[in-house]
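Every chain is numbered from 1 and lettered A, B, ... according to where its sequence line falls, protein lines coming before strand lines. The analysis underlying the following values was restricted to heavy atoms, covering all of them including side chains, and did not include hydrogens, waters or symmetry mates.
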2 protein chains.
Amino acid sequence: MKPPASPQKGSVLVVEDEPTLRVLLEHSLRQRGYQVSTVMDGEQALAFLETERPDVALLDWMMPGLSGLELCRIIRQKPGLKDLPVLFLTARTDEQDVIAGLDNGADDYLTKPCSTDRLDARLRALLRRTRPVQDIVTFGPLTLEPENHQVKRAGRPIALGPTEYRLLELFIHHPRKVFSRETLLERLWGPNVHVEIRTVDVHIRRLRKALNETGEADLIRTVRAAGYALDDGTISQHGPSSG
Amino acid sequence: MKPPASPQKGSVLVVEDEPTLRVLLEHSLRQRGYQVSTVMDGEQALAFLETERPDVALLDWMMPGLSGLELCRIIRQKPGLKDLPVLFLTARTDEQDVIAGLDNGADDYLTKPCSTDRLDARLRALLRRTRPVQDIVTFGPLTLEPENHQVKRAGRPIALGPTEYRLLELFIHHPRKVFSRETLLERLWGPNVHVEIRTVDVHIRRLRKALNETGEADLIRTVRAAGYALDDGTISQHGPSSG
DNA sequence: ACGGAGATGTCATGAATATTTCATGTTTCC
DNA sequence: GGAAACATGAAATATTCATGACATCTCCGT
């Protein structure tokens, strides 16, 4: 089993002939929470798309056999695939051609090499554009709008850093569930990242501070020796046992 | 004392050819509460897996004979072993190969040398992932929600300290069973911890106090000279020896 | 390249809470 | 009654958590 990392972002079909890059893409995207399928060329891609319908396709521009552009054109003609978002990976030298190619209705392109961050951002943008509106999640007085990356408490907007946002996102999708620090590290930071376990405390504190800015009740429950949970105070804390 | 090994975390098969490391792994994992089996190479591993089904396999990447990757592939093809989680131990220099090898996203890896803490954490993550959602457990008026770390009696939330929680957790999974103090020490504190036997009494007392806060019937039965059990009073206390 | 703003990870410290042990009282059983 | 087993309260330790400060890093605009 592999890092399921953050919650499902969406499914990606990677079409890339060079093995090294293909594997690299597959791995890093999976790390980021995408569900990834890979094929080696355009024909395999078409075969794959007969039965599967990924949220987005990531095509290499230069490939043996069908080029990315040709593949894209074919995709556009298939009835069920008209709206499949396509992101091209191109060498910088091809840039002019690509821009020309994008004229007739392709979606976006990215010059390689590029950082995973950049790729991730671009994929998210594409998914955001085409995907049905993501649901607003709520818990008690909290609302989280994935669309805007916006969190509110009782209607009042809350400013959160990236990590705190993802923390709350995880919490709010599992109300009241207690997450150990280890689990939080794994799900927010990824499996192969070494971060002090106590760092979780710090981010919890920042999240708390942001949520309770105006002195309201704390919504994060500390469960001693176990972890943290999003909770609305209707449940008593695990109290002291000494006495 | 620190509550170290929460006993019985799961069973691990260690496949490692180098004797030093194998013994080290075996020892440290056992220390942490895993049930460990070791074999020296891939063939022994396959033989072992014919009859046993560990919760997770820990494979060395580089081994004489079958490599870890080959072994993993074979495992994946066996009908009953498809879902066996596999964790690879790799040298850092192999990292690229490993990433390439973990094609289907079913596995995970760890670069050695690594601390026991790290290994433990990863194994726990792996086990957690494959374990089905934990169910709410009940006994009489009591409910225990492992997910939320929450205990209720007749719907009323009960505040418990960490040790009392684990105590009740053990009890409620074995209703009416009498646990000796020795057993409780072993299962809650771990095998190699020296704690006064009478300390158990104290925690039992705190558990009772918390459960009976509002003056309800005691749910913990003291069995003189034997130990304690979770009981709802429908069974008569140990009768006089005269009958 | 440079500097600032924001974000992140780590640490030291004090506060809060848990754990263990011990002394002593109470119950049980012969 | 008396011994053994158990219950209880409280003190001494030990652990875990919250918090503020700070060094580093990244991202961005100049």
Side-chain angles (χ1 to χ4, degrees), chain A residues 114-118 120-121 149 158-168 178-182 184-186 188-190 192-213 218-229 236-243, chain B residues 1-4 6 149 159-168 178-182 184-185 188-190 193-213 218-229 231 236-243:
Chain A
C114 74
S115 72
T116 309
D117 281 336
R118 209 176 176 72
D120 188 10
H149 233 254
I158 303 286
L160 292 180
T163 306
E164 287 71 39
Y165 179 85
R166 302 206 302 146
L167 197 47
L168 180 60
V178 176
F179 292 91
S180 71
R181 292 179 176 75
E182 286 82 2
L184 291 174
L185 273 186
E186 185 197 328
L188 262 65
W189 277 259
N192 276 315
V193 182
H194 178 57
V195 171
E196 279 298 316
I197 198 82
R198 286 290 156 198
T199 299
V200 174
D201 297 32
V202 177
H203 286 281
I204 286 284
R205 176 178 145 273
R206 289 178 183 147
L207 176 56
R208 272 182 168 143
K209 186 176 176 182
L211 291 179
N212 310 336
E213 197 102 52
D218 192 5
L219 294 175
I220 310 270
R221 176 165 68 117
T222 301
V223 183
R224 199 161 231 266
Y228 298 96
S236 74
Q237 306 271 323
H238 277 193
S241 63
S242 60
Chain B
M1 274 269 170
K2 174 174 181 173
S6 60
H149 234 261
L160 294 179
T163 304
E164 286 72 54
Y165 179 85
R166 302 204 300 150
L167 196 48
L168 180 60
V178 178
F179 291 91
S180 71
R181 291 179 177 74
E182 286 81 4
L184 291 174
L185 273 185
L188 262 64
W189 277 257
V193 181
H194 176 58
V195 170
E196 277 298 318
I197 198 83
R198 285 291 155 196
T199 299
V200 174
D201 297 31
V202 179
H203 287 285
I204 287 285
R205 176 179 140 269
R206 291 191 187 129
L207 177 55
R208 274 181 167 142
K209 183 176 176 182
L211 292 179
N212 311 334
E213 198 101 52
D218 190 5
L219 293 175
I220 310 269
R221 179 162 63 111
T222 301
V223 183
R224 199 179 169 83
Y228 299 95
D231 211 323
S236 69
Q237 302 277 316
H238 192 268
S241 58
S242 60

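- Summarising the geometry, the separation between CG on A/Leu184 and P on D/dC17 is reported as 12 Å, rounded to the nearest angstrom.
- Straight-line distance from the CD1 atom of A/Ile220 to the P atom of D/dA18: 10 Å, rounded to whole Å.
- When the P atom of C/dA18 is taken as reference, atom NZ of B/Lys209 falls 12 Å away, rounded to whole Å.
- Taking CG from A/Asp201 and OH from A/Tyr228, the interatomic distance works out to 3.5 Å, rounded to the nearest 0.5 Å.
- In this entry the distance linking NE2 of B/His149 with C1' of D/dT16 reads 14 Å, nearest Å.
- Phosphate contact (OP1/OP2 of C/dT19, side-chain N/O of B/Trp189, threshold under 4.0 Å): absent.
- A/Arg166 places its CZ atom 9 Å from the P atom of C/dT8, with the value rounded to the nearest Å.
- Counting heavy atoms from C-beta on, the side chains of A/Leu185 and A/Ile197 come closer than 4.5 Å.
- Listed candidates were D/dC17, C/dT8, C/dT20. Nearest to the side chain of A/Asp201 is D/dC17.
- At D/dC17, none of the side-chain N or O atoms of A/Thr222 fall inside 4.0 Å of OP1 or OP2 (strictly under the cut-off).
- Remark: the backbone N or O of B/Ile220 is paired with a side-chain donor or acceptor of B/Arg208 at under 3.5 angstrom.
- Taking CD1 from B/Ile204 and CG from B/Leu167, the interatomic distance works out to 4.5 Å, rounded to the nearest 0.5 Å.
- Summarising the geometry, the separation between CZ on B/Arg205 and P on D/dA7 is reported as 11 Å, rounded to the nearest angstrom.
- Taking the six-membered ring for Trp and thresholds of 30 and 60 degrees, B/His149 and B/Tyr165 have nearly parallel ring planes, at less than 30 degrees apart.
- Residue A/Ile204 contributes atom CD1, which lies 17 Å from atom C1' of D/dG20 at whole-angstrom precision.
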Polar-atom pairs under 3.5 Å, protein N or O versus N or O of nucleotides 10-13 of chain C: list them with distances, or write none.
| residue | atom | partner | partner atom | Å |
| --- | --- | --- | --- | --- |
| C/dT10 | OP2 | A/Glu196 | N | 2.7 |
| C/dT10 | OP2 | A/Thr199 | OG1 | 2.8 |

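- Remark: the B/Arg224 side chain and the D/dA4 base include a donor-acceptor N/O pair separated by less than 3.5 Å.
- Within the 4.5 Å cutoff, the side chain of A/Val202 has no heavy atoms near those of the A/Arg198 side chain.
- When side chains are defined from C-beta on, B/Arg206 counts as touching B/His203, because their heavy atoms get closer than 4.5 Å.
- Between the NE2 atom of A/His203 and the P atom of C/dA7 there is a distance of 11 Å, given to the nearest Å.
- Residue B/Tyr228 is classed as a sugar-phosphate contact, given heavy-atom separations below 4.0 Å to backbone atoms only.
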